[in-house]
Chemist: 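The following block contains the structure, expressed as structure tokens.
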Protein chains: 2
Amino acid sequence: MSPRGQVRNEQMRAEALEKITSAALEVFAEYGYKGATMKQITKVSGLSYGLVYYYFPSKERIFRHLIDFAFESSIFALNTAMDVPGTAWEKIENLSTILVRNALSGESSLYFLIMLQAMTQGKSIPGLLDYVVKRSEAYYEKLVPVIIQAQKSGEAVKGDPVVLAAAYFSFVQGLATLVFQGKGMEKKIIPEILINVLRKGGQEK
Amino acid sequence: MSPRGQVRNEQMRAEALEKITSAALEVFAEYGYKGATMKQITKVSGLSYGLVYYYFPSKERIFRHLIDFAFESSIFALNTAMDVPGTAWEKIENLSTILVRNALSGESSLYFLIMLQAMTQGKSIPGLLDYVVKRSEAYYEKLVPVIIQAQKSGEAVKGDPVVLAAAYFSFVQGLATLVFQGKGMEKKIIPEILINVLRKGGQEK
DNA sequence: GTCTATACACTGATAGAC
DNA sequence: GTCTATCAGTGTATAGAC
């Protein structure tokens, strides 16, 4: 109850939460929502069964929490890339570099796997798929105006910009599956490959 | 035991197998391996619990059976596209058309979802992920020599052809996730978008 | 061959001691 | 706040009648 005690408590709380979310991130990304068990999560986190449920009311809530965090940090990265001054095409190049870096290496790659798992298994949780789809759309539609601009300047391919944006982010999710192959192939992917999806080809129609 | 009886039995057997595999394909594609339950599969197939187990020894075997079929038909489609006469680049264009058609519409799209589910949840079944990765590699490596040839003729982008092949098929898997969004977006994807991954850009380095 | 009923294991979640 | 032990529900698989 003393001020000092409160600070200590909050620190412990923060540490426990960190252990749980980081363990859950790892296990969910690897095994999917249904495939992951609370037992695995408790084991990886090093905490007991009861303590995990002291901080989170359910397995589903942990998963949703990770999904929300994944989207928020993705949107932040997207905005960062879009906000740098430059032409529309330069923004696309910039975004592609960031996405390749984030989706395919380090801890942030786990968040892309979480989004992929949410998409492929969303139907196992009532209402989740709709939620994920809605957030995904809001996410990739931020790219649409940039594509339109890049089409006008003749650097981006022609075609429905919404479809192109959807295809572009689908590609990122597809690339994330390379992580599962465990051969390090994902590290060999260069931003150029992703950029190419939107780049105008050599020959005109 | 009579000849006539045997024929009838085999026909019934074939029908039951068809009902089971087609129901399992649908349910597994939608919910993933762990998310799908035998109860769902029996319900969709219209058959009883016991009968499904009369034809398949386990849930895992049904899933593996579908995976094998998915790979075999994919390889068949790949070979078909590669065998038509023409330049290397024309083969890539041809393959892309077939893949976009197969992966994104009709029943064959379910097989692409099965491969995606196997990849994202492979760790839930001991040994499965290794198996899937190995088959995937054998699959997309058939594209490597064609890419090399198309690079020589100057139509394909430069870069490690193995990485390009991996990226190309990752894209297809990523596009398959559009089916989950249920907005019909996947039907708007045109082969051009897929081809663009391998096409050489306008500007040289 | 086909079914229903059930065994058995596992998993998410809770209770209650400390 | 943290733990262990346990409950209730679900899921795969089997047994046994027809």
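Everything numeric here is computed off the predicted structure, so don't read it as measured data. Every chain is numbered from 1, with letters handed out A, B, ... down the list of sequences.
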Chemist: Distance-only check: which donor-acceptor pairs under 3.5 Å involve side-chain atoms of residues 67-76 of chain A, not counting sequence neighbours?
Modeler:
| from | atom 1 | to | atom 2 | distance (Å) |
| --- | --- | --- | --- | --- |
| A:Asp68 | OD1 | A:Tyr131 | OH | 2.4 |
| A:Asp68 | OD1 | A:Arg135 | NH1 | 3.2 |
| A:Ser73 | OG | A:Phe69 | O | 2.9 |
| A:Ser73 | OG | A:Ala70 | O | 3.2 |
| A:Ser74 | OG | A:Ala70 | O | 2.9 |

Chemist: Are any of A:Tyr53's side-chain N or O atoms less than 4.0 Å away from OP1 or OP2 of C:dA13?
Modeler: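 True: A:Tyr53 side-chain N/O within range (under 4.0 Å) of C:dA13 OP1/OP2.
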
Chemist: May I ask you to decide whether B:Glu192 forms a salt bridge with A:Lys158, counting only side-chain N to carboxylate O separations under 4.0 Å?
Modeler: no

Chemist: Rounded to whole angstroms, how far apart are CZ on B:Phe56 and P on D:dT14?
Modeler: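 Between P of D:dT14 and CZ of B:Phe56: 15 Å.
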
Chemist: When the distance from CD of A:Glu60 to P of C:dG12 is rounded to whole Å, what number comes out?
Modeler: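 These atoms are roughly 12 Å apart.
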
Chemist: Measure from the side chain of B:Tyr54, starting at C-beta and using heavy atoms only, and say which of C:dT2, D:dG1, C:dA13 lies closest.
Modeler: C:dT2

Chemist: Hey, is the main chain of A:Arg199 close enough, under 3.5 Å, to the side chain of B:Asn196 for a donor-acceptor pair?
Modeler: yes

Chemist: When the axes are fitted on five pairs at both termini, how much does the helix from C:dG1-D:dC18 to C:dC18-D:dG1 curve, in 10° steps?
Modeler: 10°

Chemist: Who passes salt bridge (charged side-chain N to carboxylate O under 4.0 Å, His left out) against A:Lys134, sequence neighbours left out?
Modeler: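 Partners of A:Lys134 by the salt bridge (charged side-chain N to carboxylate O under 4.0 Å, His left out) criterion come out as none, since no residue qualifies.
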
Chemist: Show which side-chain atoms of residues 141-150 of chain B pair as donor or acceptor with protein atoms under 3.5 Å away, not counting sequence neighbours.
Modeler:
none

Chemist: Let me know the distance between CG of B:Leu17 and P of C:dT2, rounded to the nearest Å.
Modeler: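 After rounding, the reported distance stands at 10 Å.
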
Chemist: In whole angstrom, give the distance that lies between atom CZ of A:Phe63 and atom P of C:dG12.
Modeler: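 Atom CZ in A:Phe63 sits about 13 Å away from atom P in C:dG12.
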
Chemist: In residues 20-33 of chain A, which residues come under 4.0 Å of DNA chain C by heavy atom?
Modeler: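 Heavy-atom contacts with DNA chain C come from no residue of residues 20-33 of chain A; none.
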
Chemist: What integer distance in Å separates B:Leu47:CG from C:dG1:P?
Modeler: 13 Å

Chemist: Kindly write out the residues that satisfy salt bridge (charged side-chain N to carboxylate O under 4.0 Å, His left out) with B:Lys91, not counting sequence neighbours, or none if the list is empty.
Modeler: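 Result, salt bridge (charged side-chain N to carboxylate O under 4.0 Å, His left out) vs B:Lys91: none returned.
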
Chemist: Give every pair of a protein N or O atom and an N or O atom of nucleotides 4-11 of chain C that lie under 3.5 Å apart, one pair per line with the distance.
Modeler:
none

Chemist: Can you check whether A:Tyr55 has a side-chain N or O nearer than 4.0 Å to OP1 or OP2 of D:dT2?
Modeler: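 So the side chain of A:Tyr55 is within the cut-off, an N or O lying under 4.0 Å from OP1 or OP2 of D:dT2.
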
Chemist: Which residues pass the side-chain hydrogen bond (donor to acceptor under 3.5 Å, both in side chains) test with B:Tyr168, not counting sequence neighbours?
Modeler: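 B:Ser96.
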
Chemist: List in chain and number order the residues that pass ring-ring contact (aromatic ring centres under 6.0 Å, His included) with A:Phe56, two or more places apart in sequence or in another chain; answer none if no residue qualifies.
Modeler: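 For A:Phe56 the ring-ring contact (aromatic ring centres under 6.0 Å, His included) partners, ignoring immediate neighbours, are A:His65.
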
Chemist: Just jot down the salt bridge (charged side-chain N to carboxylate O under 4.0 Å, His left out) partners of B:Glu90, sequence neighbours excluded, or say none.
Modeler: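 Testing B:Glu90 for salt bridge (charged side-chain N to carboxylate O under 4.0 Å, His left out), a comparison that skips the adjacent residues, returns none.
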
Chemist: Pairs of donor and acceptor atoms involving the side chains of residues 16-29 of chain A, under 3.5 Å and at least two apart or interchain, shall be tabulated with distances.
Modeler:
| from | atom 1 | to | atom 2 | distance (Å) |
| --- | --- | --- | --- | --- |
| A:Thr21 | OG1 | A:Leu17 | O | 2.9 |
| A:Thr21 | OG1 | A:Glu18 | O | 3.1 |

Chemist: Using atom types as modelled, flag every donor-acceptor pair under 3.5 Å from a side chain in residues 33-41 of chain B to any protein atom, sequence neighbours excluded.
Modeler:
| from | atom 1 | to | atom 2 | distance (Å) |
| --- | --- | --- | --- | --- |
| B:Thr37 | OG1 | B:Gln40 | N | 3.1 |
| B:Gln40 | OE1 | B:Thr37 | N | 3.0 |

Chemist: Over how many whole Å does the gap from A:Arg61 atom CZ to C:dA13 atom C1' extend?
Modeler: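 In whole Å, C:dA13 C1' lies 14 Å from A:Arg61 CZ.
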
